[in-house]
Amino acid sequence: MKAADLGLLTGVSTPTVHPGGARAVVSVTHPSLEADATVGQLWTVPLTGHAAPKRLTRGFRDTAPRFSPDGRLIAFLRAAPKAAPQLYVVDAAGGEPVQVTDRKLGVSEFAWSPDGRTLVFVSRVPEQGRYGTVDGLEANAEPPRHIRTLKYQANGLGYIVDRRAHLFSVPVPDVWGEPVAEAAPEADGSTASTPLVEEPEQLTTGEWDDGSVAFSPDGATIAFVSARHDSRDDDLRSSVFLLAADGSGEPRDVTSEHGSFSVSELAYGLNGVLYFTAQDVGESGRDFVGRNAALYAIDQAGDAPRRLTDPETVDLTESAIVAYQDDSVLVTDRSRGALVLTAVTASGDVRRLTDATTVVGGVGVAGDVVVASVADAETAGDVAIVADGRLRKLTDFSAGLRAAGVLPIRELTVTARDGYPVHGWVVAPEGDGPHPVLLNIHGGPFAAYTGSVFDEAQVYAAAGYAVVMCNPRGSAGYGQEHGRVIRQAMGTVDFTDVLDFLDGAIAENPAVDASRVGIMGGSYGGYLTAWTIGHEHRFAAAIVERGFLDPEGFVGTSDIGSFFGDEYVGTDADLIRSQSPQAVVGEVRTPTLVLHSANDLRCPLGQAERYYAALKRNGVDAELLIFPGEDHELSRAGRPRHRQQRFDAILDWWARHLPSEQNGR
């Protein structure tokens, strides 16, 4: 795979399965270099017979499909170029989609009522006078913002205190009826017909965000997640709330009295049990480092939640919850670089349904039919049916990617210097070498590399580099102790783990050149790259991307600055400096490219600028590359042309400082 092949990286949404079990519908998206945006449509995938998948819609970006309970309609989100996504419905057999919402800031999620007559959705409510609510008033002309909280921005969004997310209800339009239109004046005084969108009913209000909405099976209650407690600005707690589906009465908190939860997802089971996933963030409400999300159940209104899974051995941090059989739900367990489809009963019995290598991204169910979106070593995204503990792929959306060239990924475990097993992967170029080596370090730190197709590794390996990727201590998927060991001890065993894994990968592969090694990483990977080159001088060059580089400067500038540094590096000044890359920048001698995005609110641009300035003032061969308009997600979800330009800049850096046979010679 080359940088120009980005458009072949196909993503597949969570499937929705027709109640009859004959077909599934997914959103299939990909970055388009021509449109300079992510584009995609809905596809229908037959589950029986030999018919091929086919495109169902033709929007610019159609996502998040969901069948109505009777299977006659599909609701989905549609975004036009440079516009926020809106809610649409379409006849499940095909036809012209009907627009349901016209929200100034779009719709982020939705749920069908069990009777199929109503859709409840989540949308941000702009403060009057901002975000285009006044025609002709540009953002720079808006009045000043009066900030009274610590948490007032979010990466990829910006300010949040003046556009809170709330719940709305709207009747489902009649897609088979006569089109309804109203006359809209044109600039020349004439009129044109435009679809009439019904005004939704707002169900929740307040100075907080509401989300993760679900209907009870009887349709009488809506469950959602929110943080409404008085100390929400100082902790990470959130709760499950229940609201009458007709909007009457006040939402009722049903979890905060029973534990210190940070709730992420919720869903009702077929048996009426309310399930949710949550981290236990401790007495302080901030103890999030290395905490796995567990599954909880509330059997009936008024009952205390019961924990069903052990957070030490099962990690549901990246999991949705899908009602399965009468007494169980489906979740995905983050384990050793995989997301394993797992059934959990209301009594807490746990059963794995897929292997320990595949990444299951989403699941749809109809009766006993289970359909999943999957990624593995050969696909970036496809649809598979789950049966008898096996996955049978029904699509081949990555065929073009494989034709362009996907190199195999090899799993490896190395024994660290203290005897600890360090797990990861290696992607090597074709040929006998010797190949230069790139040590890649992932973000998080409570995240993990997987064994599925990864564009970064594929591009670098195609350019002639052996790519080494490990999940050091501090990573996710290996138990809470593994993740928590670097709490207020960053740059200790995680630092030695990546070096030991690198040495182990080199030792077992005679086709690599141990004398020609580079290091790179983003976010926490940027942190550990910067920390490593401040202590280890074996690398030909380094790339520090979107890094957490100056913990002291993180507070008050990052969207997570109110808690992240406190928990990961502590609050004592000496302790912070003992873990700070900025504190050891004077020891760096490695040529370093500092790569950052101008609108990054997670690791703000100032982190990169201060680090880069120190490198230059110390005489280090250093360069700074800033991408305008991008945020912390540049490498994963940035503008496709910027993503390609990023790859080009990275390969140019390595061509100059660590050339390979294919790159720079």
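Given the structure is predicted, the values throughout are model-derived calculations rather than measurements.
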Nearest 0.5 angstrom please: Arg66 CZ to Ser13 OG, how far? 10.0 Å

Kindly say whether the aromatic ring centers of Tyr460 and Tyr465 come within a distance under 6.0 Å. no

Measuring centre to centre across the rings, with the benzene-like ring taken for any Trp, is Trp112 within less than 6.0 Å of Phe67? no

Ion pair check, Asp497 and Arg473, cut-off under 4.0 Å: yes

Does a side-chain N-to-carboxylate-O contact under 4.0 Å join Asp209 and Arg124? yes

If you look only at pairs with a residue in residues 313-361, which of them pass as a ring pair (Phe, Tyr, Trp, His ring centres under 6.0 Å), with sequence neighbours excluded? none

NZ/NE/NH1/NH2 to OD/OE distance under 4.0 Å, Arg636 and Asp455: no

Rounded to the nearest 0.5 Å, what separates atom CG in Leu77 from atom OG in Ser108? 8.0 Å

Once rounded to the nearest 0.5 Å, what's the spacing between atom OG of Ser597 and atom CZ of Arg602? 12.5 Å

Lys/Arg-Asp/Glu bridge criterion (N-O < 4.0 Å) met for Asp333, Arg352: yes

With a 4.0 Å cut-off, would you call Glu567 and Arg487 a salt bridge? yes

Minimum side-chain heavy-atom gap Leu295-Ile321 below 4.5 Å: yes

Check the pair Arg237, Ser260 against side chain to side chain contact (heavy atoms under 4.5 Å, CB included), reporting the backbone distance first and the verdict last. CA-CA 6 Å; Arg237 294 186 183 100; Ser260 187; 3.0 Å; yes

Classify the side-chain pair Thr345/Asp327 by whether it contains a donor and acceptor separated by less than 3.5 Å. no

State plainly whether the residues Arg78 and Asp62 are in salt-bridge range, i.e. N to O under 4.0 Å. yes

Would Arg646 and Glu545 pass as an ion pair if we require N to O under 4.0 Å? yes

Salt bridge or not between Arg336 and Asp315? Use side-chain N to carboxylate O under 4.0 Å. no

Assess the side chains of Thr29 and Thr38: does a donor N or O sit below 3.5 Å from an acceptor N or O? no

Ring-plane angle category for Phe288 and Phe564, please: parallel below 30°, perpendicular beyond 60°, tilted otherwise. tilted

If you draw a 6.0 Å radius around NZ in Lys393, do more than 12 non-hydrogen atoms from other residues or ligands fall strictly inside? yes

Aromatic ring proximity, centroids under 6.0 angstrom, Tyr296 and Phe261: yes

Thr379, Asp382, Thr10 screened by side chain to side chain donor-acceptor pair (under 3.5 Å) with Thr395, the one that passes: Asp382

Looking at Arg291 and Asp280, does any basic side-chain N land under 4.0 Å from a carboxylate oxygen? no

In Å and rounded to the nearest 0.5 Å, what is the CG to NE2 distance from Asp559 to His632? 9.0 Å

Arg410 with Glu508: basic N within carboxylate O range, under 4.0 Å: yes

